[in-house]
Amino acid sequence: MATATRFRTLKDMPSDEYLTPGNTMCAGCGGILAVRIFHKVLGPNVTWVNAAGCMTIAVSYPLSPLKSNWIYTAFASAPAGAQGVRDALDVLMAKGKLPASEDMKVVVVTGDGAAYDIGFQSAAGAIDRRLDFYYLCYDNEAYGNTGFQMSSSTPFGSASKTTPPTAANPIGNTHRKMDLFEVWRAQNAPYVATLSNSHGVDFLKKVEKGGTIRGPKMYIDFAACPTGWGFDPKDSIELEKLAVQTGIWPLKESVDGVVRHTVVPRSLLPVKEYLTKQERFAHLFEPTERTEAIRTIQESVNSYWAVAGAKEGFAVKAAEVT
Ligand code: SF4
């Protein structure tokens with residue numbers, strides 16, 4: 001039975017703001033927008049536990065754009081920090097020193113560097129312990145804070161500081177993006193979801209749904225990064241929308257291991273429409289079009305949706321492979 005939701009249109013997004021205007025993130029950053037929307041659903045009683053990354057710059061003592069609590073941890077240990085906060089809150093409530101009405105939602109916020117790579121062992125431990133917390137990864141597909149080096153999240157064909165296109169390797173990154181959604185699902189996390197800031201109602205509903213589930217809740221937000229990806233900051237939302245429309249970023253959730261796609265693009269736009277709008281893929285088109293690499297990306301997207309559709313009983317019209 002579907003759970004009732006208070007979010008049916010974007011007009012239902014709470015008007016409360018927990019992020020003051022003006023911060024030190026780049027203009028057009030998808031990551032900070034994700035934090036803003038996430039906070040609106042969770043309300044004021046939130047403690048953020050942050051692993052080193054771009055977001056660390058936004059909250060630098062004594063200045064913070066947030067109206068809530070914020071704790072830094074080392075790159076590798078944000079979920080361990082979240083365990084400490086959760087335990088402290090539980091002990092205080094058990095001793096009657098903190099009313100239940102003042103309980104906090106504990107949210108780890110990290111980029112993909114911590115979520116996919118450096119901090120994963122700490123996350124795996126927290127999942128195993130069934131820690132009751134949220135994990136929000138703003139996934140900009142590289143180490144943005146240190147100059148856009150490749151992470152396990154960097155997609156095939158992308159240029160990065162550590163995967164530049166060269167004569168010997170003209171396509172940039174040759175690795176496939178790691179599937180963090182499936183990794184968390186394989187560890188039996190009760191709730192795992194992907195988000196896009198371009199699909200606000202879907203975003204709001206998923207954060208709301210996570211609140212009804214006890215245990216580890218993982219959200220991977222597709223966070224457009226004008227600085228690292230090379231596009232005009234005004235186009236952030238448009239680019240995130242294109243990632244969904246081309247099928248490159250599937251919007252889905254897993255509840256107790258059962259996967260459901262929450263937005264199904266009936267007819268995929270060609271991936272070229274997404275790739276050509278970003279400097280990080282420019283070498284796939286100039287001076288010579290890297291047809292084979294583009295075909296590999298398109299085939300991989302088409303194949304993903306064919307498999308997902310067969311499992312869930314929907315049909316998606318594949319984009320032409322040229
Ligand atoms: S580098 Fe990218 S992810 Fe980091 S603050 Fe700038 S736009 Fe956001």
Side-chain angles (χ1 to χ4, degrees), residues 18-40 48-61 63-66 70 72-75 78 107-120 135-155 157-164 172-173 177-178 180 194-200 203 218-244 248-249 274-275 277-282:
Y18 304 103
L19 194 69
T20 58
N23 59 68
T24 51
M25 303 294 275
C26 308
C29 174
I32 195 74
L33 182 55
V35 167
R36 181 181 170 204
I37 302 171
F38 212 87
H39 215 329
K40 282 172 172 281
W48 298 91
V49 185
N50 171 235
C54 283
M55 207 65 71
T56 305
I57 308 299
V59 189
S60 298
Y61 181 83
L63 303 173
S64 169
L66 283 164
W70 184 270
Y72 292 130
T73 68
F75 228 135
V107 188
V108 164
V109 59
T110 75
D112 49 285
Y116 287 68
D117 296 340
I118 298 172
F120 183 69
Y135 193 128
L136 171 61
C137 167
Y138 56 99
D139 184 355
N140 74 331
E141 304 190 314
Y143 287 83
N145 188 37
T146 48
F148 211 70
Q149 293 86 0
M150 171 202 181
S151 76
S152 298
S153 173
T154 303
S158 170
S160 74
K161 191 64 75 66
T162 42
T163 59
N173 181 32
K177 182 182 173 84
M178 174 175 152
L180 190 62
T194 58
L195 305 172
S196 171
N197 302 318
S198 61
H199 287 65
F203 188 129
M218 166 51 131
Y219 296 86
I220 313 168
D221 178 73
F222 191 72
C225 172
T227 311
W229 297 4
F231 65 89
D232 191 319
K234 73 174 172 45
D235 296 328
S236 277
I237 293 295
E238 213 41 53
L239 202 60
E240 291 194 15
K241 194 188 290 179
L242 258 182
V244 175
I248 279 182
W249 188 250
Y274 169 78
L275 301 175
K277 294 190 168 49
Q278 303 168 65
E279 279 297 316
R280 64 175 172 156
F281 296 113

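One-based numbering, in listed order, for ligands and for the atoms of each. Being a predicted model, the structure only gives us computed values, none of them experimental. Here, residue 1 is the first one in the sequence, and each next residue gets the next number.
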For [X] and [Y], which I'm curious about, is there any donor-acceptor pair between the side chains at under 3.5 Å?
X	Y	answer
T110	Y135	yes
T154	N173	no
D112	S151	yes
S198	S196	yes

Near atom 8 (Fe) of ligand 1 (cut-off under 2.8 Å), count of protein N, O or S atoms: 1

Stepwise salt bridge (charged side-chain N to carboxylate O under 4.0 Å, His left out) check, R280 with E141: CA-CA 11 Å; R280 64 175 172 156; E141 304 190 314; 2.9 Å; yes

Within-4.5 Å side-chain heavy-atom neighbours: V49 and T73: yes

